[in-house]
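Reviewing the structure listed below.
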Amino acid sequence: MEKIKMTTPLVEMDGDEMTRILWAIIKEELLLPFIDLNTEYYDLGLIHRNDTDDQVTIAAAQAAKKYGVAVKCATITPNHARMSEYDLKKMYKSPNGTIRAILDGTVFRAPIVVKGIEPCVRNWKKPITIARHAYGDIYKNTELSIEKPGKVELVYTAENGEETRALIQEYEQPGIAMGMHNMQASIESFARSCFNYALDTKQDIWFGAKDTISKTYDAEFKRVFQEIFEKEFKEKFEQAGITYFYSLIDDIVARVMKAEGGFIWACKNYDGDVMSDMVSSAFGSLAMMTSVLVSPDGYYEYEAAHGTVQRHYYRHLKGEETSTNSVATIFAWTGALRKRGEFDGNPELMKFADKLEKATVDVIESGKMTKDLALITSLENPVVLNSREFITAIREKLEKLL
């Protein structure tokens, strides 16, 4: 068949470790044989980020703003062990956090539901979509290690030089301190993105924070959401027959566990990071979770919600066989290709994305899957495939669908 043409590039952000290996196989087996793939490539692997002092991450985010659609591989956020392992110049911040800060918007994550993989929370019948705020909090934090007695203060200096000070802690012995921030405009963008997405998908939206303890920081999130809902969305929600509900984050967690799903759970940045992993694992696997950053300015960045699968990568380096689930990474590509096709008026590209997703689901539902799914499937006698075999099986199914 003739390859599908692309008129506008996708921004392609390569990543690290086992997901980088899968990224190359997905392109080789599932994309390049069928699409005249047009991407602007950025290597966000930790080695190249270190070589460029992480400027490549900023350049990739700016390219996403230029072209409107990006697809990203999982990347390493270094800790002290990674500093030594990769001989890094410094402990770089999360590349996802850097990109989100530049693009703004909200990250929507939802499980990929397939027959034979039942949620381990038995009352969950419908997908739960996590809406994760994509700016600030600990992802843009500043930290101190305190070695000597003294005090740490939070200081705000106005443009006219006036200062406001708040004592954080008097230190009589060594300790640690952290400062973090958020912006009202970003919180407003988060709220509007959530409410609009709820209207688009006809789902209720739940939001939780800890305003009883964080009487300024978290309380501002609660205030902004309620104010925007009352002024801009209340009547629309009533007409659509959906609801907005706020409660403390611990109460929301308890309610989620007893619910049947089918709603959007809005979370602050860190909460969304943690809870999306919980939801995806409970629905089946961390590798079965879609993730898209939606900017209020109309930019979209698609990625897998999981990490770089470090353990499998070390096995791969030893020449050992791996059975790594590539579904979320495949769906990152399909999401980006579908949106690129939508923006460019390219229905063939959109249809291809739909068929690749169907081929992926069909392979799993036929009983062929990676080891992580075989361990939890209700299907009898599943066939466990290694990393490449699974992608090859999807290609065989895709060729039939095409």
Side-chain angles (χ1 to χ4, degrees), residues 10-35 37 39 41-46 60 64 69-77 95-96 99 107-114 117 130 276-277 280-281 283-293 300-313 315-316 322-340 352-364 368-373 385-395 397-398:
L10 271 179
V11 177
E12 177 187 351
M13 306 178 192
D14 209 344
D16 287 297
E17 297 188 323
M18 197 63 208
T19 45
R20 187 182 182 96
I21 304 299
L22 296 176
W23 193 264
I25 300 173
I26 289 167
K27 288 175 65 178
E28 174 191 340
E29 295 287 346
L30 302 179
L31 303 179
L32 293 173
F34 311 103
I35 305 172
L37 197 61
T39 71
Y41 179 86
Y42 292 87
D43 183 359
L44 266 56
L46 190 51
V69 185
V71 58
K72 180 182 172 295
C73 183
T75 47
I76 293 170
T77 298
N96 288 345
I99 294 165
V107 177
F108 293 95
R109 292 177 170 172
I112 301 162
V113 179
V114 299
I117 309 294
I130 297 288
S276 64
D277 279 10
S280 62
S281 294
F283 268 99
S285 168
L286 288 172
M288 299 287 285
M289 191 85 162
T290 63
S291 181
V292 55
L293 173 68
Y300 292 79
E301 185 236 341
Y302 294 82
E303 61 180 334
H306 59 74
T308 58
V309 203
Q310 179 184 13
R311 181 170 53 88
H312 285 203
Y313 179 62
R315 289 174 54 188
H316 170 80
T322 65
S323 182
T324 315
N325 192 329
S326 53
V327 172
T329 305
I330 292 170
F331 272 61
W333 273 103
T334 57
L337 290 169
R338 186 184 296 106
K339 183 58 66 174
R340 182 78 278 161
F352 174 83
D354 292 341
K355 288 179 180 179
L356 179 49
E357 287 183 1
K358 178 172 170 48
T360 303
V361 171
D362 284 354
V363 166
I364 296 171
K368 299 176 182 178
M369 59 193 72
T370 47
K371 185 177 180 180
D372 62 315
L373 298 183
L385 304 178
N386 66 30
S387 303
R388 180 176 282 275
E389 287 172 347
F390 179 66
I391 294 172
T392 302
I394 294 171
R395 174 172 176 168
K397 183 64 179 178
L398 177 61

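Just so it is clear, the model here is predicted, and its values are computed rather than measured.
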Which distance, rounded to the nearest 0.5 Å, do you find between the [atom1] of [X] and the [atom2] of [Y]?
X	Y	atom1	atom2	result
Ile21	Ser387	CD1	OG	9.5 Å
Arg388	Ile25	CZ	CD1	4.5 Å
Met18	Tyr313	CE	OH	9.5 Å
Leu46	Asp16	CG	CG	5.5 Å
Ile394	Thr360	CD1	OG1	4.0 Å
Arg395	Leu356	CZ	CG	12.0 Å

Next on the checklist: The test is side-chain contact (heavy atoms from CB on, under 4.5 Å); show your working for Glu301 and Val107 and say whether it passes.
Outcome noted: CA-CA 9 Å; Glu301 185 236 341; Val107 177; over 6 Å; no
Check whether any side-chain heavy atom of [X] lies under 4.5 Å from a side-chain heavy atom of [Y], and answer yes or no.
X	Y	value
Ile364	Val327	yes
Leu22	Val309	no
Val11	Tyr41	no
Leu337	Leu31	yes
Arg109	Thr290	no
Met288	Pro111	no
Phe352	Leu30	no
Tyr300	Leu293	no

Checklist entry - Hey, mind stepping through Glu389 and Lys368 against salt bridge (charged side-chain N to carboxylate O under 4.0 Å, His left out) and telling me if it holds? => result CA-CA 10 Å; Glu389 287 172 347; Lys368 299 176 182 178; over 6 Å; no
Item to check | Full working for side-chain contact (heavy atoms from CB on, under 4.5 Å) between Lys27 and Trp333 | outcome: CA-CA 9 Å; Lys27 288 175 65 178; Trp333 273 103; 4.0 Å; yes
Item to check | Donor + acceptor pair across side chains of Lys371, Asn325 (<3.5 Å) | outcome: no
Next on the checklist: Under a plain distance cut-off of 3.5 Å, with no hydrogens placed, do Tyr42 and Asp14 share a side-chain donor-acceptor pair?
Outcome noted: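 Result is no, nothing qualifies.
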Specify the closest pair of heavy atoms between [X] and [Y], including all atoms of both residues, with the distance to one decimal.
X	Y	result
Arg340	Leu10	CB-CD2, 4.1 Å
Arg20	Gly15	NH1-O, 2.7 Å
Ser291	Ala304	CB-C, 4.4 Å
Ser280	Asp277	OG-O, 3.0 Å
Thr370	Ser323	CA-OG, 3.3 Å
Thr77	Pro95	OG1-CD, 3.7 Å

Next on the checklist: Could you go through Thr329 and Tyr302, starting from their C-alpha distance and side-chain angles, then the distance that decides it, and tell me whether this counts as side-chain contact (heavy atoms from CB on, under 4.5 Å)?
Outcome noted: CA-CA 9 Å; Thr329 305; Tyr302 294 82; over 6 Å; no
Checklist entry - Stepwise, does the side chain to side chain donor-acceptor pair (under 3.5 Å) test hold for Arg315 with Thr322? => result CA-CA 7 Å; Arg315 289 174 54 188; Thr322 65; over 6 Å; no
Next on the checklist: With side-chain contact (heavy atoms from CB on, under 4.5 Å) as the criterion, how do Glu303 and Met13 come out once you've worked through the C-alpha distance, each side chain's angles and the decisive distance to 0.1 Å?
Outcome noted: CA-CA 9 Å; Glu303 61 180 334; Met13 306 178 192; over 6 Å; no
Checklist entry - How far apart are the C-alpha atoms of Glu12 and Lys72, what are their side-chain angles, what is the distance that settles it, and do they pass the salt bridge (charged side-chain N to carboxylate O under 4.0 Å, His left out) test? => result CA-CA 6 Å; Glu12 177 187 351; Lys72 180 182 172 295; over 6 Å; no
